[in-house]
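Whatever order the structure lists them in is the order used to number ligands and atoms, beginning at 1.
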Amino acid sequence: MIYLDHNATSPPRPGVAEAVLATMNRIEGNPSSVHGAGRAARQTLDEARRAVASLVGTHESRVIFTSGGTESNHLAILGVAEMAEFQGALVTSAVEHPSVLLPCAKAEQRGMKILRLPVDGQGVIRLEDLRVALDPSVRLVSIMAANNETGVLQPIREIGALCRQAGIPFHCDATQWAGKLPLAADAIPADLLTLSAHKLGGPKGCGALIVAAALQLAPQLNGGGQERGRRSGTENLPGIAGFGAVASLVVADIEAESARITSLREKLEEGLLKTIPDAFILGAAAPRLPNTTALALPGVDGETLVMTLDLAGFAIGSGAACSSGKNTPSHVPLAMGLDQELIRSVTRISLGWDSTEHAVDRFIHTFHRSVDRLRKGSLLQ
Ligand code: PMP
């Protein structure tokens, strides 16, 4: 199997499973316990926290461990909304992940005003729309760094600067950015930053919310007061240790990996467009993640193509993996102005740490043959 679906999840990088297993095997105590076993657990937790903090170039006290991107997004949005007693407004975009859009909708039901900024044909918000939206009633701006379906990047530096000028906190869902582009040293000027371990080759079910020192959040899980009272529940120590391990790996090679994946993706896109001239890439004219290609193929059913490729030994995504199983067209290409039929044709190829030139060559060949067969209406040729 050649795996080209890293935006759905990136398989554990070498060394991560070992860190998880070592924690399960060796750490007996609860990090909150004062005895030696507890202190050993606390040390593992602290080390992982330092590694995740260095991935973002921040202080370790800013890291809240969570169960993943979904929980981090809920904590950021509902944590701010609850502090504001569900008064005022939230600003987000039309192309956010459902784990941002749905807590926003929840806040809306509780009485907040939600502004969902539209995107242009490339999937990018217009800064002018944001500028106009930022009035004193706005409690939070939540805009993603990179889109999971298209890889399109939002102008986060400018968004961060506008929010700072207006004195409004900025939450950025960097779930897809982390591990694909450098993140350290204020690359994303956000007050709240969402990370998910499994998208960068760490364990599934583990993530973090990075919170600026001055920001007040209402905890969404209450109990034993872990994570300085901001997220109760005994920590998922094996997962967190795996997150720490992958964070250190990413910090060490992000520049080189990002350049390697960029050139692999160029080869992939050149090959695909050469063999299938009427295919087009979503957000091609916008800045994008180096690893993602969302391809629209007139007259082809994306789900069928994904299944055909699966049989041929390749794993790619159709639309958003997170919403697969649903029959409704994805909101992301819809917001970019694609028609329903074209949306159903979209497939997503997302490269990652285990992608090779050889795999890309084989994929281009098989992809082109599969599309040809589907267009001729037969799977048996
Ligand atoms: N945000 C984005 C942009 C994502 O791509 C995902 C995962 N598909 C999430 C949030 C949710 O992350 P998790 O799977 O860790 O809950």
Side-chain angles (χ1 to χ4, degrees), residues 3-12 16 52 55 63-78 92-105 116 119 123-125 142-154 156 159 170-181 183 188 190 192-210 220-221 231 233 236 239-240 242-243 246-247 250 282-283 288-289 291-294 315-326 330-333 335 346 348-352:
Y3 187 83
L4 300 169
D5 199 13
H6 282 259
N7 286 15
T9 194
S10 192
V16 169
V52 172
L55 175 69
V63 179
I64 303 179
F65 285 117
T66 67
S67 65
T70 300
E71 187 190 331
S72 296
N73 287 341
H74 276 70
L75 176 56
I77 292 160
L78 295 175
T92 187
S93 86
V95 293
E96 299 298 311
H97 190 266
S99 60
V100 164
L101 292 175
L102 293 175
C104 284
R116 297 169 182 88
V119 293
V124 182
I125 67 152
S142 178
I143 293 180
M144 70 199 326
N147 188 270
N148 43 306
E149 297 184 37
T150 59
V152 168
L153 308 181
Q154 297 299 337
I156 37 181
I159 295 170
F170 170 36
H171 167 237
C172 185
D173 177 358
T175 299
Q176 292 290 345
W177 175 296
K180 296 172 188 136
L181 287 170
L183 192 53
I188 301 181
L192 292 154
L193 193 83
T194 289
L195 300 173
S196 173
H198 76 101
K199 303 288 185 182
L200 41 140
K204 296 165 185 67
C206 186
L209 183 67
I210 312 296
Q220 299 302 298
L221 292 177
R231 196 275 189 186
N236 167 12
I240 289 170
F243 191 6
V246 82
V250 166
L282 273 66
R288 280 181 296 149
L289 289 173
N291 79 317
T292 310
T293 302
I316 66 163
S318 67
C322 309
S323 54
S324 63
K326 285 189 199 158
S330 162
H331 65 291
V332 176
V346 175
R348 179 189 64 191
I349 303 125
S350 47
L351 306 170

For T150 and V332, work out which heavy atoms get closest and say how close.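 That would be CG2-CG1, 4.1 Å.
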With a 4.0 Å cut-off, would you call R116 and E96 a salt bridge?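 No salt bridge links R116 with E96.
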Just by distance, with hydrogens left out, do S99 and N73 show a side-chain donor and acceptor under 3.5 Å apart?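 The answer is yes; a qualifying pair exists.
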For ligand 1, which part of [X] has a heavy atom less than 4.0 Å away: the side chain, the backbone, both, or neither?
{"X": "N73", "value": "side chain"}
{"X": "E71", "value": "neither"}
{"X": "T175", "value": "side chain"}

Side chain to side chain, [X] and [Y], heavy atoms closer than 4.5 Å:
{"X": "K199", "Y": "Q176", "result": "yes"}
{"X": "W177", "Y": "I156", "result": "yes"}
{"X": "S330", "Y": "E149", "result": "yes"}

Below 4.0 angstrom from a heavy atom of [X], which ligand 1 atoms are there? Numbered from 1 as shown, please.
{"X": "G68", "answer": "15 (O)"}
{"X": "H198", "answer": "13 (P), 14 (O), 15 (O)"}
{"X": "Q176", "answer": "3 (C), 4 (C), 5 (O)"}
{"X": "M144", "answer": "3 (C)"}
{"X": "S196", "answer": "13 (P), 15 (O)"}
{"X": "S99", "answer": "10 (C)"}

L183, L209, L200 screened by side-chain contact (heavy atoms from CB on, under 4.5 Å) with L195, the one that passes: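 For L195, the side-chain contact (heavy atoms from CB on, under 4.5 Å) check succeeds only for L183.
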